[in-house]
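Throughout, a chain's letter reflects where its sequence line sits, starting with A, and its residues are numbered from 1.
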2 protein chains.
Amino acid sequence: MGMSAHDPNLTPLFTALGDASRRAMLERLMQGPATVTELAQLSGFALPTVLRHLAVLTEAKLVASEKSGRSRIFRALPQHLTPATDWLGQQRRIWETRLDQFEAFLATQQGA
Amino acid sequence: MGMSAHDPNLTPLFTALGDASRRAMLERLMQGPATVTELAQLSGFALPTVLRHLAVLTEAKLVASEKSGRSRIFRALPQHLTPATDWLGQQRRIWETRLDQFEAFLATQQGA
DNA sequence: CCAATACTTAGCTTATCAGCTAAGTTTCTC
DNA sequence: GAGAAACTTAGCTGATAAGCTAAGTATTGG
């Protein structure tokens, strides 16, 4: 909030991943498409509960769905995980840079 | 819940990252240690609010702190981002495997 | 010692989340 | 065209989250 200007849509993304049931549903969908009832049976939750989780995943663009007859088919959109991996990679690079600077600093202390 | 057995501590981790203020604080701490007041001034939040966010980051083991006089110094623990990167990497591998399978399937259709 | 600094704790408010049941609506299937 | 199947919508409940103020404790500097 106000502190970091750069932010594609990381908040809905990480929020969606911050729940074990949703991660489990996403993992299931990575294996292939599934209907709401199928996901409900796997998770043991009631249909509306599952639909709510799927709505959160949809907001994060991690899944999409289409109606087919009376069923709705959900499938994963794994490419939309990349903002998360990118941000994490960026943080790792920042950290490694700091390590390098620290090592360089240690090197300057060698001859003291 | 009950669907995926493997889970180190991904939920607190992704939950901690699912808030822009906390990501901003973490990014700040990646540059080096800081006191609570410093982080409060940067974010514009009241001290207790900042402390709450830092508690969430601490639960996720993304930061640690020590008391030094009347100040408390927070620093980032970037190595604890790895469960998140690992999980994301695993999902990407699963997806790529599926792509490979699909391409293999297409290849079998070539001569038909 | 006493006042300022810096954190800490307690507790309040509003909003959101995760789960549910019950009651629709739409689409097969016979 | 009626009933079952599959989703959808509405709305309830209890718990958690995010922000705050106010009041407390601990440390330091003069």
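Residues satisfying the side chain to side chain donor-acceptor pair (under 3.5 Å) criterion with A:Ser65, sequence neighbours excluded, are A:Arg72. Evaluation of the side chain to side chain contact (heavy atoms under 4.5 Å, CB included) rule for B:Arg75 yields B:Pro33, B:Glu66, B:Ile73 as partners, not counting sequence neighbours. By the salt bridge (charged side-chain N to carboxylate O under 4.0 Å, His left out) test, A:Arg92 pairs with A:Glu96, sequence neighbours left out.
Here the closest heavy-atom approach between residue A:Met25 and residue A:Leu39 is recorded as O-CD2, 4.5 Å.
The CG-C1' distance, from B:Asp19 to C:dA15, rounds to 14 Å in whole Å. A:Leu51 has its CG atom 16 Å from the P atom of C:dC17, to the nearest Å. One interatomic measurement links the two molecules: CZ of A:Arg22 to C1' of C:dG19, which rounds to 12 Å at whole-angstrom precision. Here C:dA6 presents its C1' atom at 13 Å from CG of B:Leu39, a figure rounded to the nearest Å. Regarding B:Leu57, its CG atom lies at a distance of 14 Å from the C1' atom of D:dA17, rounded to whole Å.
Candidate nucleotides C:dT8, C:dC17, C:dG19 were compared by shortest atom distance to the side chain of A:Phe45, and C:dG19 ranks first.
Annotation: the span from A:Asp19 atom CG to B:Thr15 atom OG1 amounts to 7.5 Å, rounded to 0.5 Å.
For D:dT8, one of the phosphate oxygens OP1 or OP2 lies less than 4.0 angstrom from a side-chain nitrogen or oxygen of A:Arg72. An OP1 or OP2 oxygen of C:dT9 is reached within less than 4.0 angstrom by no side-chain nitrogen or oxygen of B:Arg52. Of the side-chain N and O atoms in A:His53, none sit less than 4.0 angstrom from OP1 or OP2 of C:dC17.
Here the side chains of B:Phe74 and B:Glu38 are not in contact, with every heavy-atom distance at 4.5 Å or above.
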Would you list the protein and nucleotides 21-24 of chain D atom pairs, both N or O, that sit under 3.5 Å from each other?
none

Taking only N/O atoms, report every protein-nucleotides 25-30 of chain D pair under 3.5 Å with atom names and distance.
from	atom 1	to	atom 2	distance (Å)
D:dT27	O2	B:Arg70	NH1	3.4

Compile the donor-acceptor pairs under 3.5 Å between side chains in residues 44-60 of chain B and protein atoms, sequence neighbours left out, one pair per line.
from	atom 1	to	atom 2	distance (Å)
B:His53	ND1	B:Arg22	NH1	3.1
B:Thr58	OG1	B:Leu54	O	2.6

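Not a single donor-acceptor pair under 3.5 Å links the side chain of A:His80 to the backbone N or O of A:Leu62.
The nearest heavy atom of DNA chain C to A:Gly18 and to B:Thr35 marks one nucleotide each, and the one closer to the 5' end goes with B:Thr35.
Taken together through direct or relayed side-chain contacts under 4.5 Å among Ile, Leu, Val, Met, Phe, Trp and Tyr, B:Leu29 and B:Leu77 form parts of separate hydrophobic clusters.
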